[in-house]
Student: 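To start, I am sharing the structure in question, which I have written as structure tokens.
All chains are named by letter (A, B, ...) in the order of the sequence lines, taking the proteins before the strands, and each is independently numbered beginning at 1.
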2 protein chains.
Amino acid sequence: MVQMRRLKPASRASNKAPRLTQAERTAISDGRMLEAAMALVLERGTHNTTLREVGELAGYSRGLASNRFGSKDELFAELIDVFNERWKKESSALVGSKTGLEAFDAANESIIDFMNDNSDYIRAMFILYYETVGSSTVMRERLAEQHGAYRRAIARYISQGIAEQTIKRTVDPTRVALQYTSFFFGLVYQWLANPDAIEFESALHDFRDAMIQVIGETDMAVRRSA
Amino acid sequence: MVQMRRLKPASRASNKAPRLTQAERTAISDGRMLEAAMALVLERGTHNTTLREVGELAGYSRGLASNRFGSKDELFAELIDVFNERWKKESSALVGSKTGLEAFDAANESIIDFMNDNSDYIRAMFILYYETVGSSTVMRERLAEQHGAYRRAIARYISQGIAEQTIKRTVDPTRVALQYTSFFFGLVYQWLANPDAIEFESALHDFRDAMIQVIGETDMAVRRSA
DNA sequence: AGTCCACTCGCTTGTTTCGAGCAAGCTAGT
DNA sequence: ACTAGCTTGCTCGAAACAAGCGAGTGGACT
């Protein structure tokens, strides 16, 4: 059970006036509520989280979450957007200007890094991802859009790898991309259901190696360099 | 929108007395309600399906679904159990007494068959599977149990394959099993989000071939027959 | 063997509780 | 005084539970 202590509400009565703009104020309360929502989703899933709890855990009233986000669905959509933003930033920081196989490996490692540092974050994110799949068409379309983006990103790395002759030219990038994303989503799914049973990092490395063994140019079928 | 016509309630006033036991009676109404629940989940997801609708679509009253299953969660748990039962039957029919690589391929094909014949069924089943992952601990444990069973089954086929020398003896069955189940769950997940983007059958075949290329004895790295 | 009563059990209906969502109201800064 | 962030009041609907209804059944008594 999450301790329902109310966080101090935005310290408005501070001695030196913080001098905030309106946008900054709402950003603070929104942030607090999103954080609270994440904690609650982690603990009980979206289903058993109420907007009342979100508002109160964030240090506000019963109704604020409703008032700001309009609906539960929109709150969670917002959460997913925040997650995606942060993920994209993390990933592109590690991939940088790399291309092809190198970029692919960097992306792979960025997932592992992100996972190690923010496993709760990731957990909540994917709970949202998976629960959304049975929702309204609107939500599902956004999800499909995201999935497509992942697949395209991977496919691009593979194409580059072919151009750079680190990957066999007989390989179909979109098929490989689908294999990779499928493996990844499925791995996370099983990890969510039973974290103890899944060795996340080594599973990803194993899969990467197996994949390169199939799609890499023969002299490339080596262990990734640490 | 599902047409909300009430099905004829169990024809008790039949001319030749059906002479049913209590257990048979409840089995009929339970079955009708599970069927209704499936249809509604398919159409709107678990979220937007009410117990009232389930009962009424099945041809009964507002409250029966509640009365029988106790809670929404338990109804869906029951649905999952029914699905699993049917799946297991289908699968073991095709696997039969096969072992090793043959059994693995048969299992793979059974999925494809089941998919082609009952895609709605599967769809509903996995919506439930994925939505459950963020639920209460009890539910998640059942899910974890299921996942573990799948992994163990695949691992057994791999082990047999090693014994039969169709699969390299350097292969770790549990790792390969995890790769396979991950791929499968992730593929279904993306298919749920966007059925049009995913070519289910060929994706499974592709993956199977890639896997065998890695784990099969060199002379085994051939296309599956048919 | 036939009649009747009481009981069982599948199903319904009444009711409570609680969450989502909306609207109107309040209040601290400008 | 006005704006804008936040709260409170309220309505609607779903879940869950309890009490009730009624058809069919078994047992007792004649």
Student: May I ask you to decide if the ring planes of B:Phe126 and B:Tyr129 are parallel, tilted or perpendicular, using 30° and 60° as cut-offs?
Tutor: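 B:Phe126 vs B:Tyr129 ring planes: tilted.
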Student: Hey, what are the protein-to-nucleotides 12-15 of chain D N/O distances that come in under 3.5 Å?
Tutor:
| from | atom 1 | to | atom 2 | distance (Å) |
| --- | --- | --- | --- | --- |
| D:dA15 | OP1 | B:Lys72 | NZ | 3.4 |
| D:dA15 | OP2 | B:Leu51 | N | 2.9 |

Student: Should the pair B:Glu145-B:Arg152 be classified as a salt bridge under the 4.0 Å nitrogen-to-oxygen rule?
Tutor: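 B:Arg152 and B:Glu145: salt-bridged.
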Student: Between B:Thr26 and B:Gly63, name the one whose nearest nucleotide on DNA chain C is closer to the 5' end.
Tutor: B:Thr26
Student: Enumerate, atom names and distances included, each donor-acceptor pair closer than 3.5 Å involving a side-chain atom of residues 132-139 of chain B, sequence neighbours excluded.
Tutor:
| from | atom 1 | to | atom 2 | distance (Å) |
| --- | --- | --- | --- | --- |
| B:Thr132 | OG1 | B:Leu128 | O | 2.5 |
| B:Ser135 | OG | B:Thr132 | O | 3.3 |

Student: Can you tell me how far P of C:dC18 sits from CD of A:Glu56, to the nearest Å?
Tutor: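 Checked: the CD to P distance equals 13 Å.
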Student: When the distance from CG of B:Asn67 to P of D:dA18 is rounded to whole Å, what number comes out?
Tutor: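 The answer, rounded to whole Å, is 11 Å.
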Student: Between C:dC9 atom P and B:Ile28 atom CD1, what is the distance in whole Å?
Tutor: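 B:Ile28 atom CD1 is separated from C:dC9 atom P by 18 Å.
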Student: Given atom CD of A:Glu74 and atom P of C:dG21, what is their separation to the nearest angstrom?
Tutor: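 Taking CD of A:Glu74 and P of C:dG21, I get 9 Å after rounding.
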Student: Picking from D:dT7, C:dG10, C:dT12, which would you name as closest to the side chain of A:Ser61?
Tutor: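 The answer is D:dT7.
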Student: Are B:Arg86 and B:Glu90 within salt-bridge range, i.e. N to O under 4.0 Å?
Tutor: no
Student: Could you tell me the separation between the CZ atom of A:Arg25 and the C1' atom of C:dT30, rounded to a whole number of Å?
Tutor: 10 Å
Student: What's the CG-P distance between B:Leu64 and D:dA16, to the nearest Å?
Tutor: 14 Å
Student: If the test is ring pair (Phe, Tyr, Trp, His ring centres under 6.0 Å), which one of B:Phe184, B:Tyr130, B:Phe200, B:Phe183 qualifies with B:Tyr189?
Tutor: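 Per the ring pair (Phe, Tyr, Trp, His ring centres under 6.0 Å) rule, the option paired with B:Tyr189 is B:Tyr130, out of B:Phe184, B:Tyr130, B:Phe200, B:Phe183.
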Student: Rounding to an integer number of Å, can you tell me how far B:Asp30 CG sits from C:dG10 P?
Tutor: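 Atom CG in B:Asp30 sits about 10 Å away from atom P in C:dG10.
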Student: Taking the inter-plane angle between the rings of A:Phe185 and A:His147 on a 0 to 90° scale, is it parallel (under 30°), tilted (30 to 60°) or perpendicular (over 60°)?
Tutor: tilted
